[in-house]
Peer 1: 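Below is a structure I'd like to ask you about.
In what follows, residues are counted from 1 in the order of the sequence shown. Since this is a predicted model, take the numbers as computed values, not measurements. We count ligands from 1, going down the list as the structure has it; atoms in each ligand are counted the same way.
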Amino acid sequence: MRFMLRKGLVILRPGDGDEAEWSDWIAAHAGQVFKLRGADRGAALHAMGNEAEACREPLNITSRSPGELRLISNFAHTPFVLDGMTYAGIEGFWQGLKFPDEADRQRLAGLYGSAARDAGYYAPRSEELHYGGKRVLIGTWDHWQLMKRACIAKFAQHDGARAALHATGKRPLVHHVKPDSRTIPGVIMAQIWMAIRARL
Ligand SMILES: Nc1nc(O)c(N)c(N[C@@H]2O[C@H](COP(=O)(O)O)[C@@H](O)[C@H]2O)n1
């Protein structure tokens, strides 16, 4: 094995007869980030894992997230039961809260994704809602706790969604959608997912 040092660069090359070891090592460490440890008498480059994980690159969770990540999003079809009601997904629960009548909440419970969000547009305008016999002001911490309870139920009951959340490791999650919600801003939504992930 040969190496050269340049400013901001360590160049490695296989030596004669090292080709097999070289290609194995390169394949095993493709895309990884290394940390330099050591000083005058020698140094080592330690693998810190793949770049996205090691650099804690944020993951944006929305209905357009790629692959299994989409299962984390509120728009996903991830059936769960909360307080005796079966929901097709989080969005049906969240938008259903905007309706005072039980029949409407039941109807929205059967919807998920953009169909659920669109159904919410027809809810009467109000500064408050009632759930479980309690009055909740819209857009407050109490309102967000309802979202958190629903998400806890979802991730406890839906194996795919839980696996997808767990697979995000320690990467920061964000929820950047335009326009941001006034009732549950993306930063609050992302905190809910990360708090649930921390307990998996
Ligand atoms: N998962 C997901 N993907 C998108 O692309 C979205 N725009 C949203 N938005 C969701 O909408 C809900 C908030 O709605 P209101 O502002 O209360 O009408 C909340 O579930 C967001 O995550 N979600």
Side-chain angles (χ1 to χ4, degrees), residues 57-83 85-132 134-169 171-198 200:
E57 285 177 11
L59 277 167
N60 192 20
I61 305 295
T62 74
S63 50
R64 294 181 182 196
S65 296
E68 302 300 297
L69 284 178
R70 207 171 298 173
L71 288 174
I72 303 170
S73 126
N74 292 345
F75 275 23
H77 182 223
T78 51
F80 65 96
V81 178
L82 181 67
D83 298 328
M85 179 100 82
T86 301
Y87 296 92
I90 291 289
E91 200 62 19
F93 165 77
W94 185 251
Q95 298 298 335
L97 289 175
K98 296 179 179 175
F99 292 86
D101 294 342
E102 201 56 25
D104 284 317
R105 289 192 180 178
Q106 194 124 34
R107 178 171 57 82
L108 267 80
L111 303 177
Y112 64 92
S114 52
R117 191 192 47 192
D118 293 352
Y121 292 144
Y122 299 96
R125 289 192 175 272
S126 178
E127 298 289 308
E128 62 176 34
L129 60 86
H130 288 81
Y131 185 88
K134 286 194 182 146
R135 176 174 172 263
V136 174
L137 291 178
I138 288 175
T140 61
W141 189 85
D142 284 345
H143 193 196
W144 302 337
Q145 294 318 294
L146 294 178
M147 174 64 94
K148 189 171 183 180
R149 281 190 69 222
C151 287
I152 288 171
K154 163 187 162 174
F155 289 107
Q157 296 168 39
H158 195 282
D159 295 345
R162 188 170 58 255
L165 184 61
H166 189 251
T168 62
R171 289 177 66 179
L173 302 181
V174 294
H175 185 47
H176 292 161
V177 289
K178 281 191 179 169
D180 198 3
S181 171
R182 289 177 167 209
T183 55
I184 183 140
V187 67
I188 303 296
M189 202 53 245
Q191 274 172 16
I192 289 173
W193 290 322
M194 289 188 282
I196 294 172
R197 181 180 66 183
L200 290 181

Peer 1: What I want to find out is whether Glu91 reaches Arg117 closely enough, with some N-O distance under 4.0 Å, to be called a salt bridge.
Peer 2: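 Judged by the 4.0 Å cut-off on N to carboxylate O distance, Glu91 and Arg117 do not form a salt bridge.
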
Peer 1: So with a 6.0 Å cut-off around NE2 of His130, is the heavy-atom count from everything else above 12?
Peer 2: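 It does: His130 NE2 has more than 12 such atoms within range.
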
Peer 1: Quick one: table the atom pairs, ligand 1 N or O against protein N or O, below 3.5 Å, distance rounded to 0.1 Å.
Peer 2:
unit_1	atom_1	unit_2	atom_2	d
ligand 1	1 (N)	Ser73	OG	2.8
ligand 1	1 (N)	Asn74	N	3.4
ligand 1	3 (N)	Ser63	N	3.0
ligand 1	3 (N)	Ser63	OG	3.2
ligand 1	5 (O)	Ser63	OG	2.9
ligand 1	7 (N)	Arg117	NH1	3.4
ligand 1	11 (O)	Glu91	OE2	3.2
ligand 1	14 (O)	Gln95	NE2	3.3
ligand 1	16 (O)	Ser181	OG	2.5
ligand 1	16 (O)	Thr183	OG1	3.4
ligand 1	17 (O)	Trp94	NE1	2.8
ligand 1	17 (O)	Thr183	OG1	2.5
ligand 1	18 (O)	Gln95	NE2	3.4
ligand 1	18 (O)	Lys98	NZ	2.6
ligand 1	20 (O)	Asn74	ND2	2.9
ligand 1	20 (O)	Glu91	OE1	2.6
ligand 1	22 (O)	Asn74	ND2	3.0
ligand 1	22 (O)	His175	NE2	2.8

Peer 1: Going by the rule ring-ring contact (aromatic ring centres under 6.0 Å, His included), which residues pair with His158 if we only count those two or more places apart in sequence or in a different chain?
Peer 2: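 None.
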
Peer 1: Under 3.5 Å, is there a donor-acceptor pair linking the side chains of Gln95 and Lys98?
Peer 2: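 The criterion, which ignores hydrogens and geometry beyond distance, is satisfied for Lys98 and Gln95.
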
Peer 1: Who pairs with Asp159 by salt bridge (Lys or Arg N to Asp or Glu O under 4.0 Å), at least two apart in sequence or on another chain?
Peer 2: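 Asp159 satisfies salt bridge (Lys or Arg N to Asp or Glu O under 4.0 Å) with Arg162 once adjacent residues are dropped.
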
Peer 1: State which residues pass salt bridge (Lys or Arg N to Asp or Glu O under 4.0 Å) with Arg149; sequence neighbours excluded, sorted by chain then number.
Peer 2: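 Scan of Arg149 (salt bridge (Lys or Arg N to Asp or Glu O under 4.0 Å), adjacent residues dropped) gives Asp83.
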
